[in-house]
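Step one of this worksheet: look at the structure below.
Reminder, nothing fancy here: chain letters follow the sequence lines and each chain counts from 1.
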Protein chains: 2
Amino acid sequence: MNKKQEIYDEAAKLFQEKGYGAASMRDLAERVHLKASSLYSHIRKKEEILEKICADLAVWFTEAMERVEEMEATPREKVRELLSFHIRTAMDDPTSITVFSDEWKHLEEPYRSQFLASRRDYEERFRRIIQAGVSKGEFRPIDPNIILYTLLSGIRWLHHKQRLPIPQHREGLEMQVIELLLEGLSKKNQ
Amino acid sequence: MNKKQEIYDEAAKLFQEKGYGAASMRDLAERVHLKASSLYSHIRKKEEILEKICADLAVWFTEAMERVEEMEATPREKVRELLSFHIRTAMDDPTSITVFSDEWKHLEEPYRSQFLASRRDYEERFRRIIQAGVSKGEFRPIDPNIILYTLLSGIRWLHHKQRLPIPQHREGLEMQVIELLLEGLSKKNQ
DNA sequence: TTTGTACCCGAACAAGCGTTCGTACTTAAT
DNA sequence: ATTAAGTACGAACGCTTGTTCGGGTACAAA
């Protein structure tokens, strides 16, 4: 129906599979049953596709952060909510997430700087929630930066393992990852 | 002194900064004060460099795994030892680790398959240690695959943040990351 | 029926890529 | 002094890349 959207969707898959650099416009054209030159009736340039994928997901995460910040909840509940949102996004839209996580470096200026600024902002707000939890004694007294990056990074495998040896259904997987990150690997009281 | 080694070292840095695909042989040549054609007095082809970086690190990790497997220790101590090794490697050689983690996909066959097989083997042995810990009740009853990927992934930010806002010295940072992964974010008994 | 708009294509462009080739120059071994 | 090996270079090759251009077709509005 909407050819433009079809191009964007197929491009995301292609960027995920081969990486932005190795994905050629002729590859992409073939997937949407066009010739390369015809793509330019729908888009201005290749990088525009990357920009849109990254920008859309940045908005997606920023809006989630706003909702969480407005919650009446403890830092622990807020962190749990953010982790849950990240995990669900990774499972529902693994293609875009991969591009967002791994291919943003191919953005040209000024979009690259904009992207990084927006990511820094998101991380800063996440860090504030963590800092609050540490100050309250809800969290272990660990450097908030270390916590921030370890949590975010500890999740970054989900979108790669879409159909790999994880025999779980959504809720079970989400619960276990969150439990592991919040409560740790070691079993307590022993 | 040894020009070949200089090329390999500079190539690793270049691959890290721009990605394998975007790093051209002319870029690399300039960095070692040569012209592109002169590189081929020292190496056979571009991908050969990538092969060596990946293969060397694969050996590095496999040998560490062998030492850990031979330890007389609990699963918890073995996991702690492996995490410690990963973290130290990421901090001591962030350049190679980045290439090893992010650029291996550009390996051509049959090296790509070899690399993946070796990685699967490593993960399988790591998984066995985790499984032992779960069976003994030392670890939480979480799917060993989820534990494996979350632990390995939770560390994968260190090599990117070489000179970023982590004001820690080595031991402190290593201790805190391991504490966070093994004991969790939440403070106990409250 | 004419005009306009949206879409598609083949051909071609300039630029960049990894790599090869022929040829020098330097250095050490014979 | 002669040979051989090692290293460096400029030029060029064949290929792929993103993108442009001019011309074509389809279809709806005027």
Side-chain angles (χ1 to χ4, degrees), chain A residues 1-55 95 98-99 102-112 114-115, chain B residues 1-55 95 99 102-112 115:
Chain A
M1 191 62 45
N2 186 356
K3 201 83 183 177
K4 181 159 180 171
Q5 193 55 47
E6 188 188 343
I7 291 175
Y8 274 92
D9 292 346
E10 214 59 45
K13 288 192 217 165
L14 194 60
F15 293 168
Q16 176 193 30
E17 288 172 30
K18 316 181 63 166
Y20 178 79
S24 81
M25 294 304 272
R26 288 166 177 85
D27 287 341
L28 175 56
E30 198 174 353
R31 297 227 187 174
V32 294
H33 309 101
L34 287 181
K35 303 300 171 182
S37 56
S38 309
L39 292 172
Y40 293 84
S41 299
H42 303 273
I43 60 162
R44 246 180 300 275
K45 44 199 282 264
K46 183 189 184 189
E47 197 232 9
E48 191 187 57
I49 305 177
L50 185 60
E51 288 167 20
K52 179 144 173 46
I53 296 175
C54 292
T95 305
T98 303
V99 177
D102 301 343
E103 305 298 332
W104 62 267
K105 1 179 186 180
H106 298 99
L107 286 171
E108 298 166 14
E109 294 295 351
Y111 299 97
R112 189 186 155 101
Q114 286 174 19
F115 177 88
Chain B
M1 193 58 46
N2 186 357
K3 202 83 184 177
K4 180 159 182 171
Q5 194 56 46
E6 188 188 344
I7 291 175
Y8 274 91
D9 292 346
E10 215 59 45
K13 289 192 216 165
L14 195 59
F15 293 169
Q16 177 194 28
E17 289 172 28
K18 316 182 60 166
Y20 178 79
S24 82
M25 295 303 273
R26 288 167 177 86
D27 287 341
L28 175 56
E30 198 173 352
R31 297 226 188 175
V32 294
H33 309 102
L34 286 181
K35 304 300 172 184
S37 57
S38 310
L39 292 171
Y40 293 84
S41 298
H42 303 273
I43 61 163
R44 245 179 301 274
K45 44 198 282 261
K46 183 189 184 187
E47 197 232 7
E48 189 186 57
I49 306 177
L50 185 59
E51 288 167 20
K52 179 143 174 45
I53 296 175
C54 292
T95 305
V99 177
D102 301 344
E103 305 298 331
W104 62 265
K105 359 177 187 180
H106 298 99
L107 286 171
E108 297 165 14
E109 294 295 351
Y111 299 97
R112 189 186 154 99
F115 177 88

Please tell me if [X] has a side-chain N or O lying less than 4.0 Å from either OP1 or OP2 of [N].
| X | N | value |
| --- | --- | --- |
| A:Lys46 | D:dG18 | yes |
| B:His42 | D:dA8 | yes |
| A:Lys35 | C:dC8 | no |
| B:Ser41 | D:dG6 | no |
| A:Ser24 | D:dT16 | no |

Exercise. For B:Glu47, look at atom CD and say whether over 12 heavy atoms of other residues, nucleotides or ligands are found less than 6.0 Å away.
Key: yes
Self-check item: Over 12 foreign heavy atoms within 6.0 Å of CD, A:Glu17
Solution: yes
Quiz prompt | Minimum-distance nucleotide (side-chain atoms of B:Leu34 versus D:dA8, C:dC8, C:dA12) | solution = D:dA8
Quiz item: Any idea which of D:dT19, D:dT7, C:dC8 is nearest the A:Met25 side chain?
Solution: D:dT19
Exercise. Please work out if A:Ala29 contacts a base, only the sugar-phosphate, or nothing of the nucleic acid, heavy-atom cut-off 4.0 Å.
Key: nothing
Quiz item: Just checking B:Ala22: base, sugar-phosphate only, or nothing, at a heavy-atom cut-off of under 4.0 Å?
Solution: nothing
Exercise. Indicate yes or no: at least one non-hydrogen side-chain atom of A:Lys105 is less than 4.5 angstrom from one of A:Tyr20.
Key: no
Quiz prompt | Polar side-chain atom of B:Glu51 near backbone of B:Tyr111 as donor-acceptor pair, under 3.5 Å | solution = no
Quiz item: Hey, does the side-chain of B:Arg26 have a donor or acceptor N/O within less than 3.5 Å of a partner on the base of C:dG16?
Solution: no
Quiz item: Ignoring hydrogens and angles, does a donor from either the side chain of A:Ser37 or the base of C:dG10 sit under 3.5 Å from an acceptor on the other?
Solution: yes
Exercise. Please work out which of the three classes, parallel, tilted or perpendicular, describes the rings of B:Trp104 and B:Phe115, given edges at 30° and 60°.
Key: parallel
Whole Å only: how far is the [atom1] atom of [X] from the [atom2] atom of [N]?
| X | N | atom1 | atom2 | answer |
| --- | --- | --- | --- | --- |
| A:His33 | C:dC8 | NE2 | C1' | 15 Å |
| A:Tyr40 | C:dA12 | OH | P | 19 Å |
| B:Leu39 | C:dT20 | CG | C1' | 14 Å |

Quiz item: In terms of the nearest nucleotide of DNA chain C, which residue is placed more toward the 5' end: B:Arg44 or A:Ser38?
Solution: A:Ser38
